[in-house]
Amino acid sequence: MRNKFRPKHQRLILQCYPGGRSQEKHPNSSELSYLLYYVSTRRTKLQKVGRFLERKARSEVWRGRAGNVQVTLDISKALIDRCPSDLNEYADFIISILATVLNSNDLTLCQYTEATFRAFCEHHDGGLLADDQEFVRKFVELLKLYMKVSERVKTSNDLAWVLVSLKAAKSIAASEAISTSNGQSRVQIDIIAPIILQQLYSDREDDDLLMLDALATTLESSSNEVTTRTPRTSTGTIRPVTTGIDDDSESDSPQREASVLALQALRKLFDAVHDNGVSQIRYASIAVVHFIIDHPKNETWATNMIDLMARWTPVQLRFVIMRSLLEVMAGLHITDTSKHLVVTRLISSLLSSSVNLVGLSVLDVLHVLFSQILNHLHQQSKGIKDEDGTRKILLDKLALTIADLATHTYYSDQISDMVTEILVRLRPITHEEHYENANGNGAGALPSRREIYEPPSTVGSYANLDKYIRKGESQKNISHKPALFIGLKVVKEILTVANNVESGVTRNIVPLQAWNQTEWALTEKDAGVHIAYVDALLAYFDLEIGKDPEVFDVKKRSSSSSGFLARLHLALYDYCLELSNKAEDFATINVLLLTVVDRLGLYGILRGLPMILQLQDTIHDVIRDGNTTGGRPERLKLPARNLISLDSIILTYISAVAKKLCIAELESVVEAEISKRKASGDWDESITSPPKPLPLASKRAKAPLTKGNLHLADSSDNSEDEEEPAGTAVNGTKGVDTHVDRAVVREYLQSTPLKMPDEIKVQLTAEWQRDVILRQGM
């Protein structure tokens, strides 16, 4: 009689509940079918039905009638499946029902909510999350409640509580609701990510995420096949609660089941193909990176996780992960070097992996990473101590990470752009810093014109990251010694990496003009910068030049590349006449001169031979005879041992030129002269052809950089003030008059049939004037 006066929708709902006090009940099939038909044809009743189900759930939970609570959840799920397009009309009540059941602390009931919540997530489009603040609050509270379920540690069923949380996390991760564009995406991800990652994390080095991912993929594929083969169920059929794990599989242990669920949930966050996939992947990446920062012990786990994230992400969106890593890095405080190191290692592992980051802005990444180097060097220059050596390790890793950008070639001029971007910003060390180094004050504050800045304390959006990148671009001049040293070493590493990997994109070689305006480093007073420049330049000639002879065809040569060669030989000319030169300096000159001849052929000889012949005239006319024409205007008083070294360099160079141009008679004459000098003891034994490898790791180079071990030392030693070591390879006490001079070279050039125009022959022995080169700016 009591039900007779109830509204019809309430009577229909109550009729779905079977009698009895069983702990497991299911709705009456026929009554449920009629209820669903009733609400689907009268959409205005949906809110009333939802409100009544909410009251019913609250009442049954309070009375402890678990069977009736299950019926309420089944009706709610069936309602969602039947009227998904109107879910927003009654979504608020579904959330309240689920929250009520979760607060019951009944494990069985909490497990039973999984199917209803999954159906809710599948059909919820996130519309209410954009407009209804009260709904947003309730939905966020429900997510928090689901995640807190895993903390209910009471019995041996602790892992069962964890599974409830993980299944809920997987459901929301696969929902469109998590990809809303009003900021709720980050809120939801920040709630579910910790429980997912904590389940996956392991301190063991042998924990293999990749193997777990393969297992999860297999199980998910099997589950999808079963789903497609299952016939359509009636509205009254209640699907059993599933775990997503095959009972017969090797993964039937509860712990493995939880790990697989966690991995599947995390994959859903990155396998985003909808319109707001960028924001979802971005916030998911940030959440993972922050978790790794807080759990830095297992580097293998961290790098495997980043690799999996990239592989899960659609190819066209993988670059978002890299931008997210840069965003996190830019947001860290500059003094948190250990956190910076963790993120840098993640970036390096992603860049050097086989994952192709289509759409990545390579130069933007380079700007951020190099700006980070400058920022940490700025901390060093202010005298902030590196107590545990982390900053030094970080600088090493940042430099090598920039080189890792060359692992994949995304466009033909990528390597050229990277090298040019660094070289174009290098400037000579300022006089103030030389003064500081000489007086032991190298750790003082840097002048503002060096433009080394500190990043913002936080970066809250991609827009802020873009501002950070642009701020890095504005740093066009780098004149701080450690930064110069690192920049030159990074150039070498970029070239090394680029030439040791295979890419599907055919890249252009780095043009010679990329080195324009860098020749000043050849005569830089600081030994570290000088050696780093020579090392980088030799690596360039060795790795890039000589691959395509047509590139350096004399007839096709460009004025810009010719200009660099002219300035390089001008710097070599001045370098030869330095009073403080020692054996390693002459060895360096010899290697550079012969390398240019070997790699560039006639193209390099056109710039080098006239300079060498003028150097020979300068040595004999200016220094020995006191004339002041053709060379430096001032009188130079070089030590006798320097004259012998220079004579050795000149003859070795002319011999190499004769061999390169196939002038056998000239080569024989020069070799005879060399033999004569060696016999008389007037020869520097360190000058050879082919040249000996430079001892770049000697006392003057305290900071050699290699791919495996990058040492970024200060290299501020004043080697020019040291005593020259005993046992030097230079013999004799004075130079001898040469029998191979400009006239001899010209004679053999003119008399030997060569495949070159006569005007080229004339240019090879033309007058070379230092002042003319300077005035031409070449």
Side-chain angles (χ1 to χ4, degrees), residues 2-104 106 108-124 128 132 134-135 138-139 141-142 145-146 168 171 234-239 241:
R2 181 179 178 184
N3 288 339
K4 185 176 181 180
F5 299 100
R6 287 181 180 274
K8 186 174 182 179
H9 70 276
Q10 293 186 11
R11 295 201 305 272
L12 294 178
I13 292 173
L14 293 174
Q15 289 171 6
C16 295
Y17 288 81
R21 293 183 176 273
S22 172
Q23 294 298 308
E24 289 192 14
K25 292 184 178 181
H26 298 299
N28 297 322
S29 178
S30 58
E31 283 79 0
L32 178 60
S33 297
Y34 184 72
L35 172 65
L36 296 177
Y37 168 77
Y38 176 79
V39 295
S40 64
T41 55
R42 296 167 180 81
R43 301 303 172 100
T44 57
K45 298 293 185 178
L46 285 171
Q47 287 194 353
K48 294 181 179 181
V49 170
R51 186 177 292 108
F52 184 74
L53 286 173
E54 177 191 5
R55 288 165 47 197
K56 184 69 173 173
R58 190 179 298 113
S59 173
E60 300 298 349
V61 168
W62 184 76
R63 289 182 171 86
R65 297 175 179 175
N68 286 349
V69 175
Q70 291 180 358
V71 173
T72 303
L73 291 170
D74 288 339
I75 295 174
S76 300
K77 179 186 178 300
L79 188 63
I80 295 172
D81 291 337
R82 185 60 178 269
C83 305
S85 60
D86 299 302
L87 180 56
N88 287 348
E89 297 291 328
Y90 56 93
D92 188 57
F93 304 112
I94 300 295
I95 288 179
S96 296
I97 292 170
L98 293 171
T100 299
V101 177
L102 290 176
N103 282 320
S104 68
D106 187 310
T108 302
L109 290 181
C110 289
Q111 290 174 326
Y112 207 83
T113 63
E114 189 266 331
T116 304
F117 185 66
R118 186 174 69 248
F120 177 84
C121 292
E122 287 175 357
H123 298 293
H124 185 43
L128 290 176
D132 192 337
E134 180 61 21
F135 177 80
K138 290 184 178 180
F139 186 69
E141 289 298 323
L142 177 65
L145 191 57
Y146 260 117
S171 296
S234 68
T235 55
T237 303
I238 304 302
R239 291 178 292 179
V241 178

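Quick note: numbers below take in every heavy atom, side chains included, and nothing from hydrogens, waters or symmetry partners. Keep in mind that this is a model prediction, so the values were computed, not measured.
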Q) Should the ring pair F120 and F117 be called parallel, tilted or perpendicular, given that the plane angle runs from 0 to 90° and is split at 30 and 60? A)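 Taking F117 first and then F120, their aromatic rings lie parallel (interplane angle under 30°).
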
Rounded at 0.5 Å granularity, tell me how far [atom1] in [X] sits from [atom2] in [Y].
X	Y	atom1	atom2	value
E134	D92	CD	CG	7.0 Å
I94	L142	CD1	CG	11.0 Å
K25	E60	NZ	CD	8.0 Å
L98	C110	CG	SG	10.5 Å

Q: Check salt bridge (charged side-chain N to carboxylate O under 4.0 Å, His left out) between E24 and all other residues, then give those that pass, not counting sequence neighbours.
A: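 Result, salt bridge (charged side-chain N to carboxylate O under 4.0 Å, His left out) vs E24: none returned.
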
Q.
With side-chain contact (heavy atoms from CB on, under 4.5 Å) as the criterion, how do D74 and H26 come out once you've worked through the C-alpha distance, each side chain's angles and the decisive distance to 0.1 Å?
A. CA-CA 7 Å; D74 288 339; H26 298 299; 3.4 Å; yes

Q: Apply side chain to side chain donor-acceptor pair (under 3.5 Å) to the pair S76 and Y90, showing each step before the final yes or no.
A: CA-CA 10 Å; S76 300; Y90 56 93; over 6 Å; no

Q) Between H124 and N88, is a side-chain contact (heavy atoms from CB on, under 4.5 Å) present by the stated rule, with each step listed? A) CA-CA 8 Å; H124 185 43; N88 287 348; 3.7 Å; yes

Q: Find out whether the Lys NZ or Arg CZ of K56 is both under 6.0 angstrom from the six-membered ring centre of Y17 and within 45° of the ring's axis.
A: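 Ring-cation test returns yes.
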
Q. Just one of T72, L36, L32 clears the side-chain contact (heavy atoms from CB on, under 4.5 Å) bar with C16, so which one?
A.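 Only one of T72, L36, L32 forms a side-chain contact (heavy atoms from CB on, under 4.5 Å) with C16, namely L32.
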
(Q) What verdict does the side-chain contact (heavy atoms from CB on, under 4.5 Å) test give for V49 and F93, after you've listed the backbone C-alpha separation in whole Å, the side-chain angles of each residue and the deciding distance to 0.1 Å? (A) CA-CA 9 Å; V49 170; F93 304 112; over 6 Å; no

Q. For K48, what residues pass the side chain to side chain donor-acceptor pair (under 3.5 Å) criterion, not counting sequence neighbours?
A.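 K48 satisfies side chain to side chain donor-acceptor pair (under 3.5 Å) with no other residue.
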
